[in-house]
Number of protein chains: 2
Amino acid sequence: MARTQGSHSGITGPKIREAALRLFAQQGYAAVSMRQIAKEVGVQAGALYNYTPDKQSLLFNLMETHMVELQAAWDAVPRADSALERLRAFTGFHIRFHLERPDAVFIAYMELRNLTEENFTVIESLRRDYENGVEGILKEGVEQEVFRIPDTKIATLAVIAMLNGVNTWYRSEGRLSLDEVETVYWGMVQKAVSA
Amino acid sequence: MARTQGSHSGITGPKIREAALRLFAQQGYAAVSMRQIAKEVGVQAGALYNYTPDKQSLLFNLMETHMVELQAAWDAVPRADSALERLRAFTGFHIRFHLERPDAVFIAYMELRNLTEENFTVIESLRRDYENGVEGILKEGVEQEVFRIPDTKIATLAVIAMLNGVNTWYRSEGRLSLDEVETVYWGMVQKAVSA
DNA sequence: CTTTTATCTGAACGTATGTTCAGTTACGGT
DNA sequence: ACCGTAACTGAACATACGTTCAGATAAAAG
């Protein structure tokens, strides 16, 4: 047999990416085999190669898509009037965006070492772009003397690291609502950079 | 040939742990083979099994040692008088301890998913102990109204996440000295939890 | 010097890996 | 109704994996 009933090209591609995303996040890129992904999709391993040239491209594709979507989503957030308001908007955005995609976030941070050198360069560049956006807000706030931080680069990384931490513990059935989490974190971020 | 010249048991064991630590951190547990570790030590793969029952134990041993040492080192830091001073001491301690062992830190945070269920439980418990120590400081500060934070558990995780971020960017040849880094982070931590 | 023992080699075990490809099937277009 | 082709199978490829073990060797013990 070949080409099982009801199989359409438009459905297998996404299914592969979804399965790879979940499995890579759960077990790690190196620990997941192409056969494992194929099984999850309901297909033989060879069929995957109609959708990706190799395993590495599959990983890179997932990470690049995530980073591009992240940047696009942030660009789509209306630009607030003050640096303080922009930082608040960023805090909320970052938390929510990351909590909606725990697997992609996990992969984007943990599987960098499994990327080819060229692929790594691309992803790193996308990450730097995103970080620079945040640093821009901080710099502006420092100039206007609404923020006081000795080093905007470090502060940027510190804020992002702090916010990323949410993904390690937040559970939607948990004690706090998303709004509460956002409020708590905004309180800390705001104070941490305040003048 | 067997038992090459000058080989002593006291030297191969540590060499294996060092090689495994470095390789696991660089490439990930699943991506590193026993033969690769053996090559780094200058020995055949089979010889590793005189020092570890299997690959999993090697990983677990590294992680457990790291967590135990972390706790012991923090316990050895003299207890400061006020909650504020204790938090400052913790900030400095945590940054320095982690920067001295980037590989072990990386593994302890990234390879949890490659642990057996029982092994995972042990490591998680050790981590919780460490976190609880920090939360104790925050709780005390809140009671004495020197800190104001809506949720000490979240604040604990946020502070630790922020501090852990140092390891992703700090280079000893870089722009800032260790003391400067410590000062900058302490400034942010202090403000973030301040009343 | 002789014996014991810790340490390591080298080969082998069964299994799994990423990837390729000739062949097969079911769908889309005519 | 027929064909062309996109989509998939199933087997095969070379290579690598974790682990075991009989045998070899150098150091330690007597």
Side-chain angles (χ1 to χ4, degrees), chain A residues 1-21 23-24 26-63 107 111 113-119, chain B residues 1-21 23-24 26-63 107 111 113-119:
Chain A
M1 32 179 148
R3 184 160 209 181
T4 59
Q5 259 198 356
S7 60
H8 305 46
S9 92
I11 199 70
T12 304
K15 270 174 110 177
I16 290 175
R17 278 191 295 276
E18 285 160 25
L21 190 77
L23 290 172
F24 286 166
Q26 262 166 29
Q27 322 190 34
Y29 173 76
V32 174
S33 70
M34 295 300 265
R35 284 175 238 271
Q36 212 175 137
I37 298 171
K39 192 172 193 175
E40 199 92 347
V41 177
V43 101
Q44 292 293 322
L48 300 183
Y49 291 85
N50 290 324
Y51 300 91
T52 182
D54 46 40
K55 197 186 174 189
Q56 165 76 205
S57 302
L58 193 49
L59 174 63
F60 173 69
N61 196 357
L62 291 173
M63 294 177 71
I107 291 172
E111 301 295 357
R113 60 187 169 186
N114 285 309
L115 288 174
T116 307
E117 204 175 303
E118 322 145 46
N119 286 347
Chain B
M1 30 179 150
R3 185 161 207 182
T4 59
Q5 260 199 353
S7 60
H8 303 47
S9 93
I11 199 69
T12 305
K15 269 174 111 178
I16 290 175
R17 277 192 294 276
E18 285 160 26
L21 191 77
L23 290 172
F24 286 166
Q26 263 166 28
Q27 321 189 34
Y29 173 76
V32 174
S33 71
M34 294 300 265
R35 285 172 176 77
Q36 213 175 137
I37 297 171
K39 192 171 193 176
E40 200 92 348
V41 177
V43 102
Q44 291 292 325
L48 301 183
Y49 291 84
N50 289 325
Y51 301 91
T52 182
D54 46 39
K55 196 186 176 191
Q56 164 75 204
S57 302
L58 193 50
L59 173 63
F60 173 69
N61 194 5
L62 291 173
M63 294 177 71
I107 290 172
E111 301 295 357
R113 60 186 169 188
N114 284 310
L115 288 175
T116 308
E117 204 177 303
E118 322 144 48
N119 287 345

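The sequence lines fix the lettering, A, B, ..., with proteins before strands; numbering per chain opens at 1.
Rounding to whole angstrom units, CG of residue B/L59 and P of D/dG18 are separated by 13 Å. Across the protein-nucleic acid pair, A/I37 atom CD1 and C/dA16 atom C1' stand 15 Å apart, rounded to whole Å. What separates CE of B/M34 from P of C/dC13 is a distance of 21 Å, to the nearest Å. We find that OH of B/Y51 is positioned 13 Å from C1' of C/dT9, with the value rounded to whole Å. A/R35 places its CZ atom 14 Å from the P atom of C/dT15, with the value rounded to the nearest Å. Protein atom CD of B/Q56 is 16 Å distant from nucleotide atom C1' of D/dC17, rounded to whole Å. Spacing between atom CD of A/Q36 and atom P of C/dT17 amounts to 7 Å, rounded to whole angstrom units. Taking atom CG on A/N50 and atom C1' on C/dT19, their separation rounds to 13 Å, with Å as the unit.
Applying the 4.0 Å criterion to OP1 and OP2 of C/dT17, one finds that A/S33 has a side-chain N or O inside that range. In this model, the phosphate group of C/dC8 is not approached by any side-chain N or O of B/Y49 to a distance below 4.0 Å at OP1 or OP2. Applying the 4.0 Å criterion to OP1 and OP2 of C/dG10, one finds that B/Q44 has a side-chain N or O inside that range.
Between the CG atom in A/L21 and the CE atom in A/M63 there is a gap of 11.0 Å [rounded to 0.5 Å]. To the nearest 0.5 Å, atoms CG (B/L62) and CD (B/E18) are separated by 10.5 Å.
Formation of a donor-acceptor pair under 3.5 Å by the B/Y29 side chain with backbone atoms of B/I107 is not found in this model. No donor-acceptor distance shorter than 3.5 angstrom exists from the side chain of B/Q44 to the backbone of B/A38, with no hydrogens or angles considered.
Mapping A/V32 and A/A47 onto DNA chain C by nearest heavy atom places A/V32 closer to the 5' end of the strand. Looking at which nucleotide of DNA chain C each of A/G46 and B/A45 is closest to, the 5′-most match is held by B/A45.
Considering only side-chain atoms of A/V43, the nucleotide from D/dT19, D/dC8, C/dT19 that sits closest is D/dC8.
The shortest heavy-atom contact between B/N61 and B/R17 is ND2-CD, 4.2 Å.
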